[in-house]
Amino acid sequence: MKYSIFFMVLIGCLSCSDKKRPMAREKGDTPKSVKLMTLDPGHFHAALVHKSMYPTVDSTIDIYASDGPEVKDFLDKIKGYNHRRENPTDWKVSSHLGPEYLKKMIDERPGNVMIVAGKNSKKIDYILAAVEAGLHVYADKPLVINPEGYKKLKRAFEIANENGVLIYDIMTERFEATTAMQKFISTLPEVFGTLVQGTLEEPAISKESVHHFSKMVSGKPLIRPAWFFDVNEEGEGTVDVTTHLVDLIQWEAFPGQIIDTIAIEMLVAKRWPTKLSKEQFQSVTGYNEFPSYLQSVVDNEHLKVFCNGEMHYKINGKHAKVSVSWSFKAPEGTGDTHYSIMRGSKCDLIIKQGEEEAFKPVLYLQPKAPSDFLAKLEFLELEIEKEFPASELIQASSNLWRVVIPEELKVGHEAHFAQVTQNYLSYLNEGQLPAWEQPNMISKYYTTTKAYQMSQESQY
């Protein structure tokens, strides 16, 4: 697969030469002997990992699960990738379907990397079992959805370190072009200055996103499993999609730095529901009625899904805000949206994705002292050109500049899965993670589960 310059730049940025941990390999194992096992696929992200082929990965996927519609959807997507007209894949699937699939996978061990993307309530137990068996883990977010899961996650990392295997969560948003540009410019003190401390009302860094239950994936309407709407399985808004945003705050504001949990102080967290009618529920799940396990949150013929969450916290003394909300379907011509701001002592970096931006993410620069910014304009343009070729700055108003990023660098959400997977494969090949990745994963899930705890006390 051919990757853009943008991808290669990010790989270089992410693969820092910090102290790393070894990866155990069985006798005869080589860097090219990665073989994937997919366990209990219940989310379309499990299939998106296989939308591309990888030179170091065996072409056979072993799938372990109970038979059912979610497995069928996974297999249908793989079949679609194999038979598409442009750049078809060549995956072969070996299915192991039936009860006790986790035990069967561990007993048979046809592969050395477990991929898991499904019910978030079960994920941490799958991860624990895998690392105890000496298997590497490549998992969709979130790894945990409550404080009990967080305790298990810390133990899982301890066992992984003892057994020399790697746990890695799929952080696709690090590869989104405007976010990568925002991070890059924030590392230029001549332009950005330093990240301000911020306040509760004006945080130093904010990440907000809006998502939709009804959407298209790989060119087809997405059918979601009914359990996706059960927060006991999927997780509430403070612990699900927020994982990406908390990760980006750590990754952008403190690049390459180890963040300890003592550096996190949760200030405010809240939750609120999105209400779905039976008709809306049916259109995205195929179910005509709300299942019995959801009846406790049905109010006046509408399902209340606590998928929305917001948190305000301090990280290394800087104020941060994360907010995620869900609606049923985006207006025609729009989709999931993202807003972000990093407040610098010299310049604010703002990502918007509204009507003015044609509902596509755009990065703006808002300098605090326009005359000083103009003096640094040529320097900034040269620095951007080095890292993101053919990008340019356009003045949008008297004190606002728009960063125009070439379309070829905006590969899209589905393509980000191949980029993250290549990143993970490079770590497997090296047998090590950057020193900051594991402790920062722990701090990330500490943050989300602390927000979950606090949000349970809030009213909506």
Separation of E265 CD from H312 NE2 (nearest 0.5 Å)
13.5 Å
Salt bridge between D247 and K444, side-chain N to carboxylate O under 4.0 Å?
yes
Would a 4.5 Å heavy-atom cut-off, applied to side chains only, mark L267 and H319 as touching?
yes
Locate the shortest heavy-atom distance separating S391 from I384; write the atom from each residue and the value.
CB-CG2, 3.7 Å
Would you call the rings of Y138 and Y168 parallel, tilted or perpendicular, taking 30° and 60° as the class edges?
parallel
Show, in sequence, the C-alpha distance, side-chain angles and deciding distance for D73 and K77, and conclude whether the salt bridge (Lys or Arg N to Asp or Glu O under 4.0 Å) test is met.
CA-CA 6 Å; D73 180 70; K77 283 185 169 61; 3.0 Å; yes
Interatomic spacing from CD1 in I115 to CG in L39 - rounded to 0.5 Å:
10.5 Å
Would K329 and F213 count as a cation-pi pair here, with the cationic atom under 6.0 angstrom from the ring centre and within 45° of the axis?
no
Evaluate the side chain to side chain contact (heavy atoms under 4.5 Å, CB included) criterion for residues V322 and E310: first the C-alpha distance (whole Å), next the side-chain angles of each, then the deciding distance (0.1 Å), finally the verdict.
CA-CA 6 Å; V322 163; E310 181 174 298; over 6 Å; no
Looking at R174 and E437, does any basic side-chain N land under 4.0 Å from a carboxylate oxygen?
yes
Under 3.5 Å side-chain donor-acceptor pair for N120 and K123
yes
What distance do T261 atom OG1 and I315 atom CD1 have between them, rounded to the nearest 0.5 Å?
11.0 Å
Side chains of Y364 and E357: is there a donor and an acceptor less than 3.5 Å apart?
yes
Please determine whether salt bridge (Lys or Arg N to Asp or Glu O under 4.0 Å) holds for the pair E208 and K321, giving the CA-CA distance in whole Å, both sets of side-chain angles, and the decisive distance to 0.1 Å.
CA-CA 8 Å; E208 304 173 22; K321 175 188 175 183; 3.3 Å; yes
Going through the distances and angles, do E70 and W227 end up as a side-chain hydrogen bond (donor to acceptor under 3.5 Å, both in side chains)?
CA-CA 11 Å; E70 293 157 26; W227 60 257; 2.7 Å; yes
Can R271 and E236 be said to form a salt bridge (Lys or Arg N to Asp or Glu O under 4.0 Å), step by step?
CA-CA 8 Å; R271 65 202 273 262; E236 293 198 2; 2.8 Å; yes
Ring pair (Phe, Tyr, Trp, His ring centres under 6.0 Å) partners for Y445, two or more places apart:
none
Using 4.0 Å as the upper bound for N to carboxylate O, is an ion pair formed by E407 and K410?
yes
If the threshold is 4.0 Å, N to carboxylate O, is there a salt bridge linking E383 and K386?
yes
Does the N300 side chain pair with the main chain of H302, one donor and one acceptor, at a distance under 3.5 Å?
no
How close do P142 and T243 get, heavy atom to heavy atom, and via which atoms?
CB-OG1, 3.5 Å
Grab the two heavy atoms, one from P55 and one from Q422, that are nearest each other, plus how far apart they are.
CD-NE2, 4.2 Å
Any chance the side chains of T179 and E173 put a donor and an acceptor closer than 3.5 Å?
no
Answer yes or no: is there a side-chain heavy-atom contact under 4.5 Å between Q366 and C347?
no
Specify whether W401 and F373 have parallel, tilted or perpendicular ring planes, treating 30° as the upper limit for parallel and 60° as the lower limit for perpendicular.
tilted
Rounded to the nearest 0.5 Å, what separation is found between the OG atom of S186 and the CE atom of M181?
12.0 Å
Which atom of A226 lies closest to which atom of L294, heavy atoms considered:
O-CD1, 4.1 Å
State plainly whether the residues K119 and D40 are in salt-bridge range, i.e. N to O under 4.0 Å.
no
Could you check whether S209 and H211, counting side-chain N and O atoms only, form a donor-acceptor pair closer than 3.5 Å?
yes
Charged N-O contact under 4.0 Å between K72 and D76:
yes
Atom pair OG1 (T242) and NZ (K141), whose distance is rounded to the nearest 0.5 Å
8.0 Å
Please find out if less than 6.0 Å separates the ring center of W91 from that of Y81.
no
Is the gap between the ring centers of F74 and F44 under 6.0 Å?
no
Can you find a side-chain donor-acceptor pair between E457 and S455 that sits under 3.5 Å?
no
Under 30°, 30 to 60°, or over 60°: which ring-plane class applies to H45 and F417, parallel, tilted or perpendicular?
tilted
Can you confirm whether the side chains of N308 and S325 place a donor and an acceptor under 3.5 Å from each other?
no
